[in-house]
Structure formats: C-alpha cells, structure tokens
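Have a look at the structure below before the remarks.
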Amino acid sequence: MLILCSSSGLLVSRLSDGCTHPGRVVIGHPFNPPHLIPLVEVVGGTTASPEAVAAAVAFYRAIGKHPITLDKEVPGHLANRLQAALWREAVHMVAEGVASVADVDAAISQGPGLRWALMGPHTTFHLAGGEGGYPAFMHHLMPAVTSWWESLGNPVLTPELQARLIAGVTEATGGRAIAELAAERDAALVRLLAAKGCTGPRPPKGPEG
C-alpha cells in the first residue's frame, strides 16, 4: 500500500524518516485547481522504492492526470521552483519600476504563457531556432539570452514593496472577488484543456488548497 503526500515543497526523505516502511512513501503533488490541472509531480527521492514510484505514476494516469517523475528530490519540487524563478523576476521588474503589476502579468498571459500552455520552455526555444531547432538556437540566440541572466534580480520583499504589489494586483483585477476571478480562470482552463484534447476522467471538484 502506498502512502502518497501532496506536499508542495517538503522532501520525501524527511517525510519518510522514522517510518517503518519508508519505501512506500511517495510525493504526489497536484496543482490548483486540482480538479482541472493535469500535472502531478511524483517524487520518490532516495527512500521510496522504484515499484512504489511506478505504482504512483500508474495511479495518477488511471484517474486522467499527467504525472511527471523527478529523478532527484529538491525543495519545492520542479514546477514550483520554475514558478518561483519567474515570480522573482516579476517582482524585480515592479521593484525596479520597469513596468506595472498589470503589464508584468500581461507580458506573460498575453505572450509566452500562451505558448507554454502548449509546449514547455525547452521545446519553445527549439522552435525559436527555426529549421535548425535547438542547436541553431544555442548558436544564434543563446549568447544573448544568457547575457540577460547576469542582470536578473533578487528583490527583497520589504513591507513597502509588498504593499506596491498588493495595490497593483488590486488595480489590475479591478478589486474583483477571489471567487469571481477563480471562476473566470476555471472556465478558461476548461476551454483550454478541451482545445488541447485533455478529455480524460477527472476527480470531483474540490475546494482551493
């Protein structure tokens, strides 16, 4: 029998520490809203058995999810770390006065975020290389892109900066209620999933976590 934990950041090796059968403990981290988002991160780390990880992957696939397996445990797992990296730069752009909260959000939702709903960053840049694919991207565009890494920010979320971000989100959303925004998001997600052909079975709708 598996012991699956939905933790968004705890290491599975720490969760299984002291367990009689640590090989049965596996991270199975879904994303909100979990009744719609297909992704589940499966992490066995150094303690879970390969059989337990395989069984967890099979379980999530059977209920219509898209499990991915992390070959190494890391704080925050994979997707949350990618989100955190992007959010850090989004905060930095506001802190440096480069753009408003609304325009930072639009830079993603009306731009690369649309492509990312179809392909991840590696495949997106594979296409950016044209007929030459990823090798051509590495040759022609990679030097410019990596030069930007040097100026990526590491902002300090002071109370003043937090207040600016909160005010910016309030302005960008028109002060609409969270429930209204979530319903709008979920309706759009349903349409997007249908367009992507994600029509597998889903668990019953649950509350936001």
Minimum-distance pair of heavy atoms, taken over all atoms of [X] and [Y]:
{"X": "Pro33", "Y": "Asp186", "answer": "CG-OD1, 3.4 Å"}
{"X": "Val53", "Y": "Ala48", "answer": "CG2-CB, 4.2 Å"}
{"X": "Gly76", "Y": "Asn80", "answer": "O-CB, 3.2 Å"}
{"X": "His92", "Y": "Pro155", "answer": "N-CG, 3.8 Å"}
{"X": "Leu193", "Y": "Pro38", "answer": "CD2-CG, 3.8 Å"}
{"X": "Leu2", "Y": "Ala56", "answer": "CD1-N, 3.7 Å"}

Pair listing, side-chain hydrogen bond (donor to acceptor under 3.5 Å, both in side chains) test, anchored in residues 162-174, at least two apart: none
N/O donor-acceptor pair under 3.5 Å between [X] side chain and [Y] backbone:
{"X": "Ser16", "Y": "Cys19", "value": "no"}
{"X": "Glu73", "Y": "Val43", "value": "no"}
{"X": "Lys65", "Y": "Ile37", "value": "yes"}
{"X": "His126", "Y": "Tyr134", "value": "yes"}
{"X": "Arg24", "Y": "Ile3", "value": "no"}

Indicate if [X] and [Y] have the same hydrophobic cluster label, given that clusters are the connected sets of ILVMFWY residues with side-chain heavy-atom separations under 4.5 angstrom.
{"X": "Leu70", "Y": "Leu39", "answer": "yes"}
{"X": "Tyr60", "Y": "Val57", "answer": "yes"}
{"X": "Leu78", "Y": "Leu15", "answer": "yes"}

Holding to side chain to side chain contact (heavy atoms under 4.5 Å, CB included), I want the full list of residues that pass it with [X], two or more places apart in sequence or in another chain.
{"X": "Ser151", "answer": "none"}
{"X": "Asp17", "answer": "none"}
{"X": "Trp149", "answer": "Val145, Thr146, Leu152"}
{"X": "Pro30", "answer": "Ser6, Pro34, Val40"}

Could you list the cluster mates of [X]? Members are the ILVMFWY residues connected by side-chain heavy atoms closer than 4.5 Å, either directly or through other members.
{"X": "Ile166", "value": "none"}
{"X": "Ile108", "value": "Leu86, Trp116"}
{"X": "Met93", "value": "Trp87, Val91, Val94, Val98, Val101, Val104, Leu157, Leu161, Leu165, Val169"}

From Ile27 atom CD1 to Ser8 atom OG, the distance as rounded to the nearest 0.5 Å: 9.0 Å
Pairs involving residues 76-89, ordered by first then second residue, that meet salt bridge (Lys or Arg N to Asp or Glu O under 4.0 Å) (sequence neighbours left out): none
Of all pairs that satisfy ring pair (Phe, Tyr, Trp, His ring centres under 6.0 Å), the ones with a partner from residues 64-86, not counting sequence neighbours: His29-His77
For Phe125, all residues meeting ring-ring contact (aromatic ring centres under 6.0 Å, His included), sequence neighbours excluded: Phe137
Salt bridge (charged side-chain N to carboxylate O under 4.0 Å, His left out) partners for Glu180, two or more places apart: Arg176
Student check: side-chain heavy atoms of Leu118 and Lys196 closer than 4.5 Å: yes
